[in-house]
Amino acid sequence: MGIVPQLTPPISDLNKQLTRADKRRAHSALGDLTRRFPQVELSYVVAALADHLPIGEYAFWLFNRAGISSAVERAGKNRRILFFVDSKTTRAVTMIGYGLEPFLAERHLQPCVLAAMGSLRAGDYGRACEAFVSELARQLHSVQVGIDRGFGLSDESVWEEAGSSEPFQVFSPVLG
């Protein structure tokens, strides 16, 4: 695949496709995501791939070799997400670090990429990033609620005992 390109997280525009407005939109969306989910970091990379390069393999190679994660973000501590766009074909793919694999599956990530596709096809890279991040935030929230419920940390889920008309909670979190 050649020499690893130098990436500058959170946004790397390897073939100068992004306008200033695109970069502003993307930075704003990424900032919102970081404020809402500070443990997750997103890198947005736009490049024009050679025809012979498979997008998934190339994104995997970038994720692991281009230095978007620091040395301490290894194995389970890597909670980075890469959103990679091939501007030549308007294809997109996402990769996640090992620290997110127990929580995010393809079924969570696919809607994020799909949300961005309309804007990508229109050449609007800023809105594509916004759409991706918006859906990602929705998916992360859904996962978070599921985890909270699973560990009894949410008071949203009321359970009913069979044969009883009175609802009760199985777990009550200790707050404060």
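Please read all numbers here as calculations on a predicted model, not as lab measurements.
Leu53 places none of its side-chain heavy atoms less than 4.5 Å from the side chain of Trp61. Annotation: side chain of Gln139 is not in contact with side chain of Val143 (no heavy-atom distance under 4.5 Å). Side-chain contact between Glu130 and Ser119 is absent, with no heavy atoms from C-beta onward closer than 4.5 Å. Residues Val85 and Gln17 are not in side-chain contact: their nearest non-hydrogen atoms beyond the backbone lie 4.5 Å or more apart. In this structure the side chain of Thr94 never reaches within 4.5 angstrom of the side chain of Leu136, judged on heavy atoms. Side chains of Asp32 and Arg36 form no contact here, defined as non-hydrogen atoms less than 4.5 Å apart. At a threshold of 4.5 Å between non-hydrogen side-chain atoms, the residues Phe37 and Arg79 do not count as touching.
Between Arg25 and Asp22 no salt bridge is recorded (no basic side-chain N to carboxylate O distance below 4.0 Å).
Closest heavy-atom contact between Asn15 and Ala47: OD1-CA, 3.7 Å. Minimum interatomic distance between Pro10 and Leu30 (heavy atoms only, all atoms of both residues): CB-CD1, 3.6 Å.
Applying the salt bridge (Lys or Arg N to Asp or Glu O under 4.0 Å) test to Asp13 and every residue at least two apart in sequence or in another chain returns nothing. Scanning for salt bridge (Lys or Arg N to Asp or Glu O under 4.0 Å) contacts around Lys88 gives Asp51, with sequence neighbours left out. Partners of Arg138 according to the salt bridge (Lys or Arg N to Asp or Glu O under 4.0 Å) rule, which considers only residues two or more places apart in sequence or in another chain, are Glu135.
Using a 30° and 60° split on the angle between ring planes, Phe83 and Tyr44 fall in the parallel class, below 30°.
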